[in-house]
Number of protein chains: 2
Amino acid sequence: MGEAAWRVVVRDGVTKLSVRNVAAEAGIAAGSLRYLFPTQEALRAYVLDLVRQRVTDRISGMSTQQPLRRAVEEYFSQLLPLDTERRVEMEVFLSVGVLALTDPALRPAYERAHHDLREGCRQMLALLATDPDYSALDPDSETARTHAFIDGLALHLLRQPLDESTTWATDELARHLDSLR
Amino acid sequence: MGEAAWRVVVRDGVTKLSVRNVAAEAGIAAGSLRYLFPTQEALRAYVLDLVRQRVTDRISGMSTQQPLRRAVEEYFSQLLPLDTERRVEMEVFLSVGVLALTDPALRPAYERAHHDLREGCRQMLALLATDPDYSALDPDSETARTHAFIDGLALHLLRQPLDESTTWATDELARHLDSLR
DNA sequence: CCGTTTCTAATACGACTGTGCTACGAAGTT
DNA sequence: AACTTCGTAGCACAGTCGTATTAGAAACGG
């Protein structure tokens with residue numbers, strides 16, 4: 001059900017995220033969808049929180065049996081729209097997220113996602129700091145900057161079509177992690 | 001005229017950016033506004049490009065009679081939503097900018113803004129590299145990362161109300177510039 | 001088997017949307 | 001003077017929007 005809403009957003013844009021369009025995309029009657037989401041705001045909030053949920057689920061399912069630096073690099077990669085799945089998530093999150101600027105009902109979902117991401121960054125930096133190479137790294141004081149860098153990188157990746165090369169982004173990520181050493 | 005459109009976006013969100021709402025905000029008839037912007041897409045494109053124009057105008061009007069490092073720091077500050085004016089610009093740009101993900105008619109305006117910002121970052125880093133302290137800085141290889149960092153920082157600043165302190169952001173900016181040394 | 005809850009569907013209403021069309025006054029040009 | 005262009009305004013059309021209401025099917029516990 002949420003995926004149908006995602007498809008609408010990605011294909012037609014946030015402005016077309018309506019009860020009717022989502023219902024049509026999901027193949028059910030509009031009146032039926034309103035049983036699940038009585039108001040449009042409920043629909044938007046659900047869509048937004050579904051992204052957060054998906055991202056955290058995918059991340060928590062990652063294996064960390066790798067060299068430390070490599071594991072951290074892969075973790076941060078999971079926050080970038082490098083394949084279709086993450087691209088869709090990012091587009092939806094950004095599109096609906098900007099609505100949270102003016103719609104207080106969406107703030108909690110957006111804030112929670114932001115908070116989860118920040119904590120994830122902090123934890124990964126803390127993990128990285130256990131590497132002898134990174135003994136000079138102070139995770140707490142580096143979290144905000146790395147978080148901003150990751151989000152900005154994700155933003156810039158959305159500019160380009162999915163089939164174009166994204167090695168520049170992973171290169172920048174690697175360079176950033178190098179600079180923390 | 002464009003300011004009326006901005007007010008609508010900032011107050012009511014991008015979904016309320018309609019010919020009628022903007023006309024009402026500007027105090028003219030809807031039919032009259034359509035003389036200037038025959039279609040909704042023209043309106044959106046204008047709003048988006050107006051932001052770019054304003055930002056570049058404000059930047060090009062900056063005085064650079066300061067210590068090098070300080071001047072560069074202030075330049076990057078101008079790209080962050082630290083006061084009402086820049087905040088409005090950023091909100092509008094982001095709100096309408098996400099529409100460019102699905103609306104090809106908006107791509108040129110968005111791309112141009114992105115390009116201008118990147119070039120601005122590059123030039124400022126090049127200027128910074130003339131400082132003896134920054135002799136090891138390679139502007140070209142650092143542009144993308146700094147650009148991503150700035151945009152991410154701007155994104156995160158939009159989260160908080162305007163009256164809250166923004167020193168953390170300028171601190172992060174200073175720290176980033178320090179790390180380039 | 002019946003009743004109750006859970007879900008799906010259809011329809012209707014009023015508000016808002018983009019946009020086409022026409023018209024009217026002011027300003028400027030020939 | 002007549003005429004054209006420019007800016008504003010108003011109305012109408014068809015479409016979409018969110019949402020309330022009503023009703024029927026399906027699942028389930030008694």
Side-chain angles (χ1 to χ4, degrees), chain A residues 1-50 53 91-92 94-110, chain B residues 1-51 53 91-92 95-110:
Chain A
M1 187 58 52
E3 283 82 357
W6 287 8
R7 283 195 296 273
V8 172
V9 173
V10 171
R11 173 165 30 87
D12 304 327
V14 225
T15 58
K16 298 298 178 58
L17 181 63
S18 67
V19 177
R20 283 177 165 87
N21 285 342
V22 173
E25 178 74 27
I28 65 175
S32 307
L33 186 66
R34 269 197 81 239
Y35 178 80
L36 256 32
F37 309 103
T39 118
Q40 185 182 214
E41 259 172 7
L43 179 61
R44 301 212 254 230
Y46 171 77
V47 164
L48 201 54
D49 200 62
L50 185 59
Q53 213 171 294
E91 282 198 33
V92 171
L94 191 66
S95 296
V96 185
V98 296
L99 300 184
L101 288 172
T102 49
D103 186 348
L106 296 178
R107 296 293 302 206
Y110 185 84
Chain B
M1 189 55 53
E3 283 81 357
W6 287 10
R7 283 195 297 274
V8 172
V9 172
V10 171
R11 173 164 31 88
D12 303 327
V14 78
T15 58
K16 299 297 178 60
L17 181 64
S18 66
V19 177
R20 284 176 165 89
N21 285 342
V22 172
E25 178 73 26
I28 66 174
S32 307
L33 186 67
R34 276 198 69 238
Y35 178 78
L36 258 27
F37 309 104
T39 119
Q40 189 187 32
E41 258 173 8
L43 179 60
R44 301 212 253 231
Y46 171 77
V47 164
L48 201 54
D49 200 62
L50 185 59
V51 175
Q53 215 172 292
E91 282 196 32
V92 171
S95 297
V96 185
V98 297
L99 300 185
L101 288 172
T102 49
D103 186 348
L106 296 177
R107 297 291 304 205
Y110 185 86

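To find a chain, count down the sequence lines: A is the first, B the second, and so on, and within it residues start at 1. Just so you know, these numbers use all the heavy atoms, side chains as well, and skip hydrogens, waters and symmetry mates.
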- Message: Any side-chain N or O of B:Tyr35 below 4.0 angstrom from OP1/OP2 of D:dT8?
- Response: no
- Whole-Å distance between D:dA20 P and A:Leu33 CG? 14 Å
- When rounded to whole Å, the CG to P distance for the pair A:Leu36 and C:dT8 reads 7 Å
- Note on the structure: Looking only at heavy atoms, the pair that brings B:Ala42 and B:Pro38 closest together is CB-CD, 4.2 Å
- Any idea which heavy atoms bring B:Arg34 and B:Val19 closest together, and the distance? CG-CG1, 3.7 Å
- Query: Which heavy-atom pair separates B:Val96 from B:Leu106 by the least distance, and what is that distance?
  - Reply: O-CD1, 4.1 Å
- Is the backbone of A:Glu91 close enough, under 3.5 Å, to the side chain of A:Ser95 for a donor and an acceptor to pair up by distance? yes
- Message: From C-beta outward on A:Ala29, which listed nucleotide comes closest to its side chain: C:dT17, C:dA9, D:dT19?
- Response: C:dA9
- Message: If I take atom CZ in residue A:Phe37 and atom P in nucleotide D:dG18, what distance separates them, rounded to the nearest angstrom?
- Response: 13 Å
- Message: Let's see if you get this right: which residues in residues 95-106 of chain A place a heavy atom under 4.0 Å from DNA chain D?
- Response: none
- Please give, in whole Å, the distance from C:dC16 C1' to B:Gln40 CD? 12 Å
- Message: Using OP1 and OP2 only, check whether a side-chain N or O of A:Arg34 sits under 4.0 Å from D:dA20.
- Response: yes
- Message: Could you write out DNA chain C as dot-bracket? Rules: Watson-Crick or G-U wobble, both distances under 3.5 Å, brackets [ ] for crossings, | for pairs with another strand, dot for unpaired.
- Response: |.|||||||||||||||||||||..||||.
- Looking only at heavy atoms, what is the nearest atom pair of B:Ser18 and B:Gln40, with distance? CA-NE2, 4.3 Å
- Item | Minimum heavy-atom distance A:Val22-A:Leu43, with the two atoms named | CG2-CD2, 4.0 Å
- Could you state the CD1-P distance from A:Ile28 to C:dA10, rounded to the nearest angstrom? 11 Å
- Item | Close approaches to DNA chain D from residues 13-20 of chain B, in residue order (heavy atom, under 4.0 Å) | B:Arg20
- Does the pair A:Met1 and A:Ile28 meet the rule for a side chain to side chain contact (heavy atoms under 4.5 Å, CB included), with working shown? CA-CA 10 Å; A:Met1 187 58 52; A:Ile28 65 175; 4.1 Å; yes
- Spacing of CD belonging to B:Glu25 relative to CZ belonging to B:Arg11, to within rounding of 0.5 Å: 4.5 Å
- B:Arg44 vs A:Thr15 side-chain heavy atoms within contact, under 4.5 Å: yes
- Query: Within the side chain of A:Asp49, is there an N or O that forms a donor-acceptor pair under 3.5 Å with the backbone of A:Ala109?
  - Reply: no
- Please report the shortest heavy-atom distance between A:Ala100 and A:Tyr110, naming the atom on each side. CB-CB, 4.0 Å
